[in-house]
Amino acid sequence: MGRLRRSMLYVPGNNPGMIRDAHIYGSDAIMFDLEDSVSLKEKDAARLLVYEALKTFDYGRTEVLVRVNGLNTPYGRDDFEAIVRAKPDAIRLPKTETPEDVVEADELITQIERQAGMEQGTIQLMAAIESALGVITAYKIATASSRLIGIAIGAEDFVTDLKTTRSKEGIELLTARSQILFAARAAGIDALDTVFSDVNDEEGFIREVKLIKQLGFDGKSLINPRQINILHQIYTPTEDEIKKSIQVIEAAKEAEERGSGVISLNGKMIDKPIVERAYRVLELAKAVDRVSVEEMWQ
């Protein structure tokens with residue numbers, strides 16, 4: 001199983017305290033933002049602040065990304081020049097609409113890596129899709145570069161592009177979420193959901209996390225540390241799910257030992273996809289240290 005990306009915490013690139021302490025809250029990933037959360041007059045200062053933080057602080061096992069300004073802005077190229085050299089795990093591209101956007105970023109990163117004496121491919125990419133055009137071209141975006149580890153939906157710009165607004169039910173996002181998820185799965189990369197901006201609406205947040213988990217998303221971007229534990233609890237397999245998964249795998253192994261192509265458990269037929277899902281549950285349980293899978297298997 002690859003790196004967990006259940007939670008990706010947004011951290012404004014102009015906030016020194018949050019940048020220093022971002023990893024202590026326990027999110028799987030942190031994303032320093034140089035784009036929307038930073039005013040135009042603070043762009044240069046925020047870039048330098050994030051650069052120095054990446055060069056100075058040890059964020060441990062937490063994955064670190066930086067959302068840069070787009071290359072079609074006056075700040076994008078300077079962001080790339082500084083941030084690539086600071087060596088985060090990945091750069092997140094905002095407002096990605098075409099595969100050419102990804103290719104342009106990939107080529108620039110390659111150029112900077114070469115100039116800095118870095119191994120090519122050191123810096124990975126994640127693309128945020130925030131428009132109707134981006135959704136339509138999601139698969140082409142997802143397969144545009146070997147650096148891509150995932151694609152994400154950005155809801156606020158997307159619903160504005162659709163000439164609508166966000167609702168509690170999220171019906172206006174359903175098609176886009178599905179398209180982005182399909183593209184990510186077809187490309188073999190992760191799919192990340194958008195932020196839930198009302199930090200005081202815990203019930204609404206829980207409802208949305210359950211929805212995106214059921215759809216198949218790997219995780220969700222967050223704007224407040226209070227949301228991390230709630231999200232992780234929803235994504236963590238329960239003891240019953242783990243026990244059932246073990247039973248399914250044991251039944252599959254017994255059928256294989258008998259040379260039988262028929263797998264049954266408690267009188268019910270077990271298909272191959274069910275076995276694959278059982279393995280995924282156990283992999284996730286191991287990854288989050290939910291329980292000792294080895295002990296439960298005895």
Side-chain angles (χ1 to χ4, degrees), residues 1-38 42 45-68 83 86-92 94 123-126 128 149-156 190-213 217-238 283-291:
M1 185 175 184
R3 186 190 283 265
L4 284 177
R5 296 190 177 96
R6 298 165 299 174
S7 54
M8 183 173 291
L9 180 65
Y10 270 91
V11 180
N14 57 354
N15 189 316
M18 288 190 68
I19 289 173
R20 181 192 63 223
D21 298 331
H23 63 300
I24 70 175
Y25 301 108
S27 61
D28 295 326
I30 50 179
M31 185 176 66
F32 299 134
D33 184 28
L34 299 178
E35 198 213 11
D36 286 346
S37 65
V38 178
E42 294 181 293
R47 180 190 308 117
L48 179 59
L49 180 60
V50 171
Y51 172 86
E52 293 294 343
L54 290 171
K55 300 289 283 187
T56 304
F57 298 126
D58 180 5
Y59 294 102
R61 297 172 59 186
T62 307
E63 186 175 32
V64 180
L65 298 88
V66 179
R67 181 168 75 168
V68 296
I83 298 306
K87 299 182 182 179
D89 293 301
I91 287 176
R92 179 152 155 165
I123 308 300
Q124 297 177 309
L125 283 169
M126 177 172 285
I149 55 175
I151 53 177
I153 179 172
E156 295 302 334
D190 282 356
L192 275 292
D193 191 48
T194 189
V195 300
F196 187 87
S197 56
D198 187 352
V199 297
N200 295 315
D201 184 6
E202 186 173 304
E203 288 186 6
F205 178 69
I206 291 172
R207 183 169 57 248
E208 184 162 284
V209 173
K210 288 181 176 178
L211 169 65
I212 62 109
K213 178 178 180 288
F217 278 83
D218 295 283
K220 188 172 182 65
S221 298
L222 307 174
I223 59 170
N224 193 294
R226 286 160 42 193
Q227 299 173 320
I228 296 170
N229 286 337
I230 297 172
L231 186 150
H232 285 186
Q233 289 172 10
I234 293 171
Y235 265 81
T236 298
T238 65
E283 288 173 354
L284 183 58
K286 288 180 181 179
V288 301
D289 296 324
R290 172 65 178 83
V291 294

Note: A90 and L125 closest approach over all heavy atoms is CB-N, 4.2 Å
Mind listing the closest non-hydrogen atom pair of P88 and I83 along with its distance?
CD-O, 3.1 Å
Looking at H23 and Y59, what are the two nearest heavy atoms and their distance?
ND1-CD2, 3.5 Å
Look at the side chain of E202 and the backbone N and O of I230, then say whether any donor-acceptor pair between them is shorter than 3.5 Å.
no
Show the nearest heavy-atom pair for residues N14 and P16, with the distance to one decimal.
O-CD, 3.4 Å
First locate atom OH of Y25, then atom CE of M18, and finally report the distance between them rounded to the nearest 0.5 Å.
6.0 Å
Which pair of non-hydrogen atoms, one from K220 and one from T194, has the smallest distance, and what is that distance?
NZ-O, 2.6 Å
Can you find a pair of side-chain heavy atoms, one from D193 and one from E208, that are under 4.5 Å apart?
yes
If we ignore hydrogens and angles and just use 3.5 Å, is the side chain of R92 paired with the main-chain N or O of M31 as donor and acceptor?
no
D89 side chain vs V64 backbone, donor-acceptor pair below 3.5 Å:
yes
Got a second to check how far I123's CD1 is from L65's CG, nearest 0.5 Å?
10.0 Å
How far apart are the C-alpha atoms of L9 and T62, what are their side-chain angles, what is the distance that settles it, and do they pass the side chain to side chain contact (heavy atoms under 4.5 Å, CB included) test?
CA-CA 11 Å; L9 180 65; T62 307; over 6 Å; no
Check whether any side-chain N or O of D33 sits under 3.5 Å from a backbone N or O of P12 as a donor-acceptor pair, and report yes or no.
no
CD1 on I30 to OG on S7, rounded to 0.5 Å
10.5 Å
Would you compute the distance between atom NZ of K210 and atom CZ of F205 and round it to the nearest 0.5 angstrom?
12.0 Å
Applying salt bridge (charged side-chain N to carboxylate O under 4.0 Å, His left out) as the test, list every pair that has at least one member in residues 7-16; sequence neighbours left out.
none
Validation row: D201, F196 side chains within 4.5 angstrom (heavy atoms):
yes
Can you list every pair that meets salt bridge (charged side-chain N to carboxylate O under 4.0 Å, His left out) and has a residue in residues 4-26, with sequence neighbours left out?
R5-E63, R5-D190, R6-D28
I need the D198 CG to Q227 CD distance, nearest 0.5 Å.
9.0 Å
When you look at V209 and H232, which way does the side chain to side chain contact (heavy atoms under 4.5 Å, CB included) test go after all the steps?
CA-CA 10 Å; V209 173; H232 285 186; over 6 Å; no
Let me confirm one number: the OG1-CG distance from T236 to L231, rounded to the nearest 0.5 Å.
9.0 Å
Heavy-atom pair with the smallest gap, counting every atom of G13 and S37:
N-OG, 4.2 Å
Minimum side-chain heavy-atom gap F217-Y235 below 4.5 Å
yes
